[in-house]
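A short write-up of the structure that comes next.
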Amino acid sequence: MPNLAVLGGPKAITRIFEPYSSFGPEEVQAARDVVESGVLSRYLGAWHEDFYGGPKVREFEQRCAERFNVKHAITVNSWTSGLIAAVGAIGIEPGDEVIVSPWTMCASATAVVHWNGLPVFADIEPLTFCLDPASVESRITSRTKAILAVDIFGQSADMTALRTIADRHHLALISDTAQAPGAKYRDSWAGTLADIGGYSLNYHKHIHTGEGGVLVTNDDALAERLQLIRNHAEAVVGPKGVTDLTNMIGHNFRLGEIECAIGVEQLNKLERQVATRKRAADRLTKGLAGLAGLRTPVLRERCSHVYYIYPLILDPGVVGVDREVLYSALVAEGVQGLTAGYQNIHRLPMFQRKIAYGRSGFPWTASFSRQDIDYSKGICPVAERLHDETYLGLSICTLAFTDEDVDALIGAFQKVWSQVHVLQTFNSKAVGAS
């Protein structure tokens, strides 16, 4: 076999993979129809028939509700907006605590800070990367208001266990299913088993409208609160007759008609798009089987995976080479869409220094806050070791990954593993500089 590319040999993959695109003439026509109608938005930030938006907003919301088998679907202009609305809708008070994952995009935690609440980080399961229910329960205090679970990479968190914990402690349960629309948790759709759940519509997600999000709930009262927070609540509550003014603060989280028209067409393609990712993932899993010290994705029992990311776990002790060496070797072979490490958001500067609003540490230093919340390294050892040493991920959603592409990736991995003994004589700095 030729020498490794990182040591001067030829690359295993010499072509650039095509970016994945789910857009076609249907989306183009849907957008054109909206533009030609002249109605790009029909929202009014007042209690009026158009408080709920225009025809495409309502159509997309109805279609989402039907597709995910929920009573209510509420569109927003980003999933970050959706998380902010969800945390506000459950009635969080300043100083309340919400248990979140450290292994996620930062908005899962900053949505709590938005309302002057305090994120408390629980550790994750070592094989699924979702919140560990035992760690969640150990973090509950008298100030805990909610659990915010993240269905990371494309499969659901353990919603049975988390629901049991939430009910036992009288907590709200929010599901951040940004990366897993179309995944199943037993007989239900991921994101629908919480009090509030929802999905991202960002450009690299399974349902792509550029930007946007969809909140889902079966609770009428929560649906109303989400709609109010989305659209200038403080101007609407009086005429609408809303008496609970908790967190009824004005925002413009509204998604436009063009995005919703595109969303209708994208929703029609969701099953096909999930199948494309699953086909690539299943082929990868079969092809990478038997590579010593490399664990392919683990699926939760009676659940499905939609593979926003194809996650791998490395055992450096078995391989005999640290992750950075292998990562450099794989990238040199032409492996595309590969990342080493993910996120430990409790280690971001905001949480390490406890500074958000102003310079004085608010809301952590406020009289209404618990003063001993710990964000130091070591509080989430599973997530930290994955990030620092053992996790590798392939971004399946961003590249087309045809069968030919997948086979090329498998060949590159096999080439590196076949010569790993050569890499054992190099440190990560030397290999990275080769």
Side-chain angles (χ1 to χ4, degrees), residues 78-88 90 92-126 129-153 157 162 165 171-176 178-179 200 247 309 339-391 393:
S78 74
W79 182 236
T80 297
S81 300
L83 288 167
I84 291 170
V87 175
I90 64 170
I92 189 172
E93 298 275 352
D96 281 349
E97 298 170 10
V98 177
I99 297 174
V100 299
S101 169
W103 188 263
T104 179
M105 192 268 186
C106 56
S108 303
T110 56
V112 179
V113 179
H114 176 92
W115 298 101
N116 295 313
L118 303 177
V120 173
F121 294 97
D123 211 350
I124 59 174
E125 297 170 328
F129 314 98
C130 297
L131 271 176
D132 179 350
S135 182
V136 168
E137 189 139 36
S138 74
R139 303 298 204 264
I140 293 172
T141 72
S142 60
R143 294 172 179 260
T144 306
K145 180 74 174 185
I147 301 166
L148 200 160
V150 181
D151 298 339
I152 201 72
F153 296 161
L162 294 175
I165 293 168
L171 306 176
L173 180 58
I174 298 170
S175 181
D176 178 350
Q179 299 180 359
S200 173
N247 297 335
I309 287 176
T339 58
Y342 188 60
Q343 341 233 25
N344 277 181
I345 57 175
H346 64 296
R347 292 162 69 180
L348 292 175
M350 171 186 286
F351 300 111
Q352 290 300 296
R353 297 178 61 188
K354 294 184 178 177
I355 293 177
Y357 297 106
R359 299 189 179 97
S360 63
F362 190 88
W364 290 275
T365 55
S367 60
F368 51 68
S369 297
R370 182 162 64 94
Q371 302 298 310
D372 60 348
I373 293 178
D374 185 9
Y375 297 139
S376 62
K377 186 172 181 179
I379 63 168
C380 296
V382 173
E384 291 168 11
R385 183 164 191 263
L386 282 163
H387 176 68
D388 292 344
E389 301 176 28
T390 62
Y391 170 79

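Only this structure's heavy atoms are used, side chains among them; waters, hydrogens and symmetry mates stay out. Every value quoted in this text rests on a predicted model; they were computed, and no experiment measured them. Throughout, numbering of the chain's residues begins at 1 and tracks the sequence.
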Over all heavy atoms of both residues, which pair between [X] and [Y] is shortest? Give the atoms and the distance, please.
| X | Y | answer |
| --- | --- | --- |
| Leu162 | Ala149 | CD1-CB, 3.7 Å |
| Phe351 | Ile345 | CD1-O, 3.1 Å |
| Pro94 | Phe368 | C-CD1, 3.6 Å |

How long is the straight-line distance from [atom2] of [Y] back to [atom1] of [X], given to the nearest 0.5 Å?
| X | Y | atom1 | atom2 | answer |
| --- | --- | --- | --- | --- |
| Met105 | Ile152 | CE | CD1 | 11.0 Å |
| Arg143 | Ser369 | CZ | OG | 7.0 Å |
| Arg139 | Asp374 | CZ | CG | 8.5 Å |
| Ile379 | Asp123 | CD1 | CG | 8.5 Å |
| Gln352 | Lys377 | CD | NZ | 10.0 Å |
| Ile92 | Asn116 | CD1 | CG | 9.0 Å |

Could you tell me whether the side chain of [X] and the main chain of [Y] form a donor-acceptor pair under 3.5 Å?
| X | Y | value |
| --- | --- | --- |
| Glu97 | Gly95 | no |
| Gln371 | Ala366 | yes |
| Ser135 | Asp132 | no |
| Asn247 | Trp115 | no |
| Tyr375 | Pro119 | yes |
| Asp388 | Arg385 | no |
| Asn344 | Ala383 | yes |
| Thr365 | Ser360 | yes |

Any side-chain heavy atom of [X] within less than 4.5 Å of one from [Y]?
| X | Y | result |
| --- | --- | --- |
| Cys380 | Ile124 | no |
| Met350 | Ile355 | no |
| Val120 | Arg370 | yes |
| Trp364 | Tyr357 | no |
| Val98 | Thr144 | no |
| Val150 | Cys130 | no |

For Thr80, check side-chain contact (heavy atoms from CB on, under 4.5 Å) against everything at least two apart and list the hits. Ser78, Ile84, Ala107
Leu171, Leu118, Ile90 screened by side chain to side chain contact (heavy atoms under 4.5 Å, CB included) with Lys145, the one that passes: Ile90
Aromatic contact, Phe129 with Tyr342 (centres under 6.0 Å): no
Start with the C-alpha distance between His346 and Glu384, add both sets of side-chain angles, then the distance that settles side-chain contact (heavy atoms from CB on, under 4.5 Å), and finish with yes or no. CA-CA 10 Å; His346 64 296; Glu384 291 168 11; 2.8 Å; yes
So side-chain hydrogen bond (donor to acceptor under 3.5 Å, both in side chains) across residues 99-113, not counting sequence neighbours, yields Thr104-Ser108, Ser108-Asp176
Please work out which of the three classes, parallel, tilted or perpendicular, describes the rings of Phe153 and Tyr391, given edges at 30° and 60°. parallel
Can you list the steps and then say if Ile140 with Ile165 is a side-chain contact (heavy atoms from CB on, under 4.5 Å)? CA-CA 10 Å; Ile140 293 172; Ile165 293 168; 3.7 Å; yes
